[in-house]
Number of protein chains: 2
Amino acid sequence: MTTTEISKARGEAWLAGADLRPTRQRVLLASLLVGDGRDRHVTAEWLHDAACASGDKVSLATVYNTLRAFTDAGLVQEITVDGTGSYFDTKLDDHPHFYWEDEGRLSDAGSEALQIVNLPDAPDGMDIAKVDIVIRLRAKR
Amino acid sequence: MTTTEISKARGEAWLAGADLRPTRQRVLLASLLVGDGRDRHVTAEWLHDAACASGDKVSLATVYNTLRAFTDAGLVQEITVDGTGSYFDTKLDDHPHFYWEDEGRLSDAGSEALQIVNLPDAPDGMDIAKVDIVIRLRAKR
DNA sequence: GTATTTGCAAACCCTTTGCATTCGT
DNA sequence: ACGAATGCAAAGGGTTTGCAAATAC
């Protein structure tokens, strides 16, 4: 089995787990996202470029719609860092991120170390849905 | 002195502290932001509406340009919560926020209590510019 | 065969910009 | 007067949507 075939099989299994039809485009995008078993933080544009670079073709609108579908299905989570676009993270739990301001890149921050103490109580009638933590990095001058 | 006059005076002093020319529009927006001495989290649209409601008129483009100028001057900080827009916060230090998802509103979270333990070290050659913490609230069902 | 998905282009929303006019000093 | 700020309308960038053609089951 080639690594490409393994990636594809992983992508298909990942889609199947969410009851999403394995169309050609979805399998391609899924294999680019989870094909090597590593966590990824992608933008729609990056994923579209990667898809095109792989030889196949997918329209940018489909990349957007598919990422939306993956998000709705709980396969990825959407992260917003600044107003200019979204990142989609294949790691699903609530964990902190590094944002490399100079490169516009997002990565996981070593979460095992970080913890928050004394998280404020949610106001009456409210639940804490999620705690977004983004550590902004800038090149040391 | 009426409260309106006090607000205006506060706005003017605030602008003066950043060497920004006290134009009619800037004084109006500044007084809406800091006129009562309380911290605010506003969107461009909210501020524009508030300005119009006060009787004066300012174009939306000027509200955007002015908020940008205030941000550049260090009078407010920009906070992004989701891709749909920016909030501008008159409180300048690095502190956590509540985001009321149902209302699209941002407010300060009781920061005195919260603290982060074991913040990951910044990678080599990088400085931590800022740590954004947004606690997303949802109505309890 | 039927419902879903895709692709394209147009629409959208928030934000910025170009340029002539007005304002602050 | 001079440079800076304003307003309008147009452009911009990322994302979504309408609808016809293609695809999955």
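Note that the coordinates shown come from a computational prediction; the quantities given were computed from them, not determined experimentally. The sequence lines fix the lettering, A, B, ..., with proteins before strands; numbering per chain opens at 1.
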* Asked: Do V42(B) and L75(B) sit in the same hydrophobic cluster, where Ile, Leu, Val, Met, Phe, Trp and Tyr count as joined when their side-chain heavy atoms come under 4.5 Å apart?
  -> yes
* Flag, side chain of E103(B) to backbone of W100(B), donor-acceptor distance under 3.5 Å -> no
* Sequence-distant partners of R21(A), salt bridge (charged side-chain N to carboxylate O under 4.0 Å, His left out), two or more places apart -> none
* To do: Decide whether I128(A) and V134(A) are clustered together by the hydrophobic rule: side chain heavy atoms of Ile, Leu, Val, Met, Phe, Trp, Tyr closer than 4.5 Å, transitively.
  => no
* **T62(B) side-chain N/O to dT6(D) phosphate OP1/OP2 under 4.0 Å** => no
* To do: Report the C-alpha distance between H41(A) and D108(A) in whole Å, list the side-chain angles of each, state the deciding distance to 0.1 Å, and finish with yes or no for side-chain hydrogen bond (donor to acceptor under 3.5 Å, both in side chains).
  => CA-CA 9 Å; H41(A) 304 80; D108(A) 290 330; 2.9 Å; yes
* **Test side-chain contact (heavy atoms from CB on, under 4.5 Å) applied to W14(A) and L20(A), step by step** => CA-CA 9 Å; W14(A) 192 64; L20(A) 287 173; over 6 Å; no
* Mind checking what makes salt bridge (charged side-chain N to carboxylate O under 4.0 Å, His left out) contact with E101(B), not counting sequence neighbours? -> R136(B), R138(B)
* To do: Go through the structure and list residues passing salt bridge (charged side-chain N to carboxylate O under 4.0 Å, His left out) with D36(B), not counting sequence neighbours.
  => R38(B), R40(B)
Dump the pairs, protein N or O against N or O of nucleotides 21-25 of chain C, anything under 3.5 Å, distances to one decimal.
none

* For nucleotides 17-22 of chain D, just jot down a letter per nucleotide in 5' to 3' order: B, S or -, based on protein non-hydrogen atoms under 4.0 Å. => B-----
* To do: Starting from P on dT6(D), measure out to CG on L67(B) and report it in whole angstrom.
  => 11 Å
* Can you sort out which residues in residues 6-15 of chain A have a heavy atom within less than 4.0 Å of DNA chain C? Ascending by number, please. => none
Distance-only check: which donor-acceptor pairs under 3.5 Å involve side-chain atoms of residues 44-55 of chain B, not counting sequence neighbours?
{"unit_1": "H48(B)", "atom_1": "NE2", "unit_2": "V58(B)", "atom_2": "O", "d": "2.9"}
{"unit_1": "S54(B)", "atom_1": "OG", "unit_2": "A51(B)", "atom_2": "O", "d": "2.7"}

* D132(A) vs Y99(B) side-chain heavy atoms within contact, under 4.5 Å -> no
* To do: Give the rounded distance in Å between these two atoms: CG of L29(B) and P of dT6(D).
  => 8 Å
* Structure fact -> Taking five pairs at each terminus, the helix from dG1(C)-dC25(D) to dT25(C)-dA1(D) shows an axis bend, to 10°, of 30°
* Structure fact -> Whole-Å distance, D56(B) CG to dG7(D) C1', equals 15 Å
* Structure fact -> R68(B) has its side chain closest, among dT15(C), dA5(D), dT15(D), to dT15(C)
* **Length of the line joining D19(A):CG and dT4(C):C1', which is rounded to integer Å** => 14 Å
* Once you round it to whole Å, what is the distance between P of dT6(C) and OH of Y64(A)? -> 16 Å
* Asked: Mind checking whether L67(A) and L28(A) sit in one hydrophobic cluster, side chains of I, L, V, M, F, W, Y counted as touching below 4.5 Å?
  -> yes
* **Heavy-atom donor-acceptor pair, Q77(B) side chain to D93(B) backbone, under 3.5 Å** => yes
* Asked: For K130(B), does the NZ atom have more than 12 heavy-atom neighbours from other residues, nucleotides or ligands under 6.0 Å away?
  -> yes
* Is there a donor-acceptor pair under 3.5 Å between the side chain of D39(A) and the backbone N or O of D89(A)? -> no
* Where along residues 40-51 of chain A does a heavy atom fall under 4.0 Å from DNA chain D? -> none
* **salt bridge (charged side-chain N to carboxylate O under 4.0 Å, His left out) partners of R26(B), counting only residues at least two apart** => none
* To do: Using side-chain hydrogen bond (donor to acceptor under 3.5 Å, both in side chains) as the criterion, list what pairs up with S59(A), not counting sequence neighbours.
  => T62(A)
* Asked: Near DNA chain C, under 4.0 Å by heavy atom, which residues of residues 77-85 of chain B?
  -> T84(B), G85(B)
* Between C1' of dA24(D) and CZ of R26(A), the distance in whole Å -> 10 Å
* May I ask you to decide if A129(A)'s main-chain N or O and D127(A)'s side chain share a donor-acceptor pair within less than 3.5 Å? => no
* Asked: So, T71(B) versus E78(B): side-chain donor-acceptor pair below 3.5 Å or not?
  -> no
